2 protein chains.
Amino acid sequence: MPSKASSSIKDGHTHKISEATVSRLPAYYRALSQLADAQQIRISSEELAALTGVSSAMLRKDLSHLGSYGTRGVGYEVEFLRYQISREMGLNQDWSVVIVGVGNLGRALAHYGGFGSRGFRVVALVDADQTLIGTKVKCGAEGKTVELLVHALSDLEDVIKETNARLGVVATPAESAQVVSDRLVKAGIRSILNFAPVHLSVPEGVDVRKVDLASELQILAFHEQRKAI
Amino acid sequence: MPSKASSSIKDGHTHKISEATVSRLPAYYRALSQLADAQQIRISSEELAALTGVSSAMLRKDLSHLGSYGTRGVGYEVEFLRYQISREMGLNQDWSVVIVGVGNLGRALAHYGGFGSRGFRVVALVDADQTLIGTKVKCGAEGKTVELLVHALSDLEDVIKETNARLGVVATPAESAQVVSDRLVKAGIRSILNFAPVHLSVPEGVDVRKVDLASELQILAFHEQRKAI
DNA sequence: GAGGATTTGTGCTTTTTTGCACAAATGTGT
DNA sequence: ACACATTTGTGCAAAAAAGCACAAATCCTC
């Protein structure tokens with residue numbers, strides 16, 4: 001044991017992980033989970049890179065920011081690496097999610113199985129529509145479906161306090177999104193996933209990620225148009 | 001009319017627009033559309049930047065890649081700029097979209113109003129589930145709803161030919177996504193929006209944009225975890 | 001236990017993206 | 001007609017991201 005003695009030091013990776021790397025970690029995590037399900041023990045950066053659509057060099061550099069978890073000449077241990085990523089990303093704990101807006105999209109999100117399987121639990125549904133409030137909506141995919149009551153938007157603060165939700169999903173029409181966002185922030189939510197096609201302005205310290213379906217199609221259309229030359 | 005005579009020359013902007021710029025154009029377009037609806041005639045880069053969440057310098061540089069459409073000391077004309085962006089992005093034509101996978105998400109997408117209002121028309125629905133094939137699903141938001149028949153996955157190629165769809169949306173489970181993608185490509189589709197949580201490998205010349213809901217939440221969770229320090 | 005075959009981790013280079021700051025261009029008021 | 005207040009467009013600098021290439025570490029075989 002020549003130099004590996006103080007491994008506890010190198011584990012304490014506090015240096016910043018770049019945003020680009022963070023955005024790719026989920027893909028690595030997902031691929032590793034599938035490999036683990038398929039009982040694969042080890043994988044090389046080359047293979048994992050192919051599975052996730054990045055270059056092997058980029059993959060290795062990304063992973064190196066978490067720590068030195070591979071073995072030269074061998075590769076990475078699937079289960080071990082998966083665990084390290086999940087730990088780094090905070091996926092070994094459960095995250096409670098409140099969805100505001102129970103229209104088509106909100107319901108589809110509530111029903112989406114991909115959440116529950118990765119530590120995300122939809123704990124509350126909120127809407128402004130009087131005809132929806134009080135109704136029950138199925139949450140989660142097969143296996144672990146729960147029926148959730150749709151709460152009134154006016155109860156938002158209480159619902160968040162009671163359920164201890166830390167992530168907010170905005171799936172309302174564009175007109176109401178900013179108001180809803182403001183109230184989420186006021187209720188203590190500091191991480192918001194926004195599906196409404198508007199830019200949300202939030203105070204410093206609050207993160208917003210936006211998913212805009214129409215924008216994605218527009219970007220595709222732009223490139224498609226250029227191909228036709 | 002002093003120097004504006006030969007404007008047809010400067011319009012021929014063939015130099016490459018950076019990917020980062022392209023990804024922001026939809027947001028500008030949307031904001032400008034809202035401003036136009038609100039009858040606003042002019043807007044400065046500072047204001048438009050605030051509406052879309054970018055810096056004014058970045059906005060100006062982005063727009064400068066399309067052409068010189070602003071007036072110094074004044075700003076941009078809302079309607080004119082909106083038109084220029086839509087032309088550049090190919091939004092003054094209609095784009096036909098085929099959605100494969102008519103589960104919760106697929107249905108929510110079909111129903112989504114944001115598409116139709118921006119030149120995207122869902123022209124076909126396809127699924128592998130025998131219990132869904134032949135059923136009718138409402139497409140589009142209020143005002144212009146159409147009922148579309150769900151076609152069998154085995155008819156995919158025919159459906160694409162008949163409807164002339166150029167954009168494909170994959171809203172299937174992860175297991176079937178790659179197979180569906182291959183068939184879309186074989187049928188001539190070269191632009192795919194993928195909602196399935198897997199990386200799609202496609203031949204060169206085909207564009208894939210992916211929207212992964214769980215990944216977005218994971219990225220938020222990562223940052224949220226760091227805040228708790 | 002030495003040599004060869006792998007595969008990681010990373011220093012360095014190149015490319016892309018963002019940010020700054022100011023000259024150029026326009027409108028306004030006198 | 002001239003000075004002044006705006007606001008765009010852009011050259012240049014800084015920062016971030018991606019790509020290359022190879023030394024270092026490990027395993028395997030003889």
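Reminder, nothing fancy here: chain letters follow the sequence lines and each chain counts from 1. Excluded from the calculations below are hydrogen atoms, water molecules and symmetry mates; all remaining heavy atoms, backbone and side chain alike, are included. Because the structure is a prediction, the values reported are computed rather than measured.
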(request) Find the distance A/I17:CD1 to D/dA16:C1' and express it as a whole number of Å. (result) 16 Å

(message) Whole angstroms only, please: what is the OH-P distance between A/Y69 and C/dT10?
(response) 12 Å

(message) In this structure, how many angstroms lie between the P atom of D/dT8 and the CD atom of B/Q84, rounded?
(response) 17 Å

(request) Apply the side chain to side chain contact (heavy atoms under 4.5 Å, CB included) test between A/I192 and each candidate in A/V180, A/L184, A/L167; give the one that qualifies. (result) A/L184

(request) Check the pair B/L51, B/Y28 against side-chain contact (heavy atoms from CB on, under 4.5 Å), reporting the backbone distance first and the verdict last. (result) CA-CA 9 Å; B/L51 282 175; B/Y28 305 153; over 6 Å; no

(request) Give a yes or no on whether a donor-acceptor pair under 3.5 Å exists between the nucleobase atoms of C/dG19, that is its base, and the side chain of B/K61. (result) yes

(message) Is it true that B/Y29 and B/R82 share a donor-acceptor pair across their side chains at a distance under 3.5 Å?
(response) yes

(request) Would you mind classifying the nucleic acid contact of A/R42 as base, sugar-phosphate or nothing, using non-hydrogen atoms under 4.0 angstrom? (result) nothing

(request) Starting from the 5' end of DNA chain D, give me the residue, A/S55 or A/V74, whose nearest nucleotide shows up first. (result) A/S55

(request) Go through the N and O atoms of the side chain of B/R72 and the base of D/dG9, and report whether any donor-acceptor pair is under 3.5 Å. (result) no

(message) If you assign B/G70 and A/D62 each to the DNA chain D nucleotide with the nearest heavy atom, which residue ends up on the more 5' nucleotide?
(response) B/G70

(message) Between A/T71 and D/dT26, is there a contact of a side-chain N or O with OP1 or OP2 at under 4.0 Å?
(response) no

(request) Return no unless some side-chain N or O of B/R24 is found under 4.0 Å from OP1 or OP2 of C/dT18. (result) yes

(message) Base, sugar-phosphate or nothing for B/S18? Non-hydrogen atoms, less than 4.0 Å.
(response) sugar-phosphate

(request) May I ask you to test the B/V100-B/R183 pair for a side-chain heavy-atom distance under 4.5 Å? (result) no

(request) Take the protein atom CD of A/E46 and the nucleotide atom P of D/dG19, then report the distance between them rounded to whole Å. (result) 13 Å

(request) Could you tell me the separation between the CZ atom of B/R60 and the C1' atom of C/dC22, rounded to a whole number of Å? (result) 11 Å

(message) Whether A/S44 contacts C/dT7 is assessed here as follows: a side-chain N or O lying under 4.0 Å from the phosphate OP1 or OP2. Is that the case?
(response) no

(request) Round to a whole Å and report the spacing from CD of B/E47 to C1' of D/dT7. (result) 11 Å

(request) Examine the side chains of B/D62 and B/T21 and answer whether a donor and an acceptor come within less than 3.5 Å of each other. (result) yes

(request) Let me know the distance between CE of B/M58 and P of C/dG19, rounded to the nearest Å. (result) 6 Å

(request) Take the protein atom NE2 of A/H65 and the nucleotide atom C1' of C/dT8, then report the distance between them rounded to whole Å. (result) 14 Å

(message) Side-chain N or O of A/S45 versus OP1/OP2 of C/dT7: is the shortest distance under 4.0 Å?
(response) no

(request) Take A/G73 and A/A57, find for each the nucleotide of DNA chain C with the closest heavy atom, and name the residue whose nucleotide sits nearer the 5' end. (result) A/G73

(request) State whether A/Y76 places a side-chain N or O below 4.0 Å from either non-bridging phosphate oxygen (OP1 or OP2) of C/dG9. (result) yes

(request) Before accepting this row, confirm whether a basic side-chain N of the pair A/E204/A/R190 lies closer than 4.0 Å to the acidic partner's carboxylate O. (result) no

(message) Let's see if you can work this out: which of D/dA17, C/dT18, C/dT8 has an atom nearest to the side-chain heavy atoms of A/E19?
(response) D/dA17

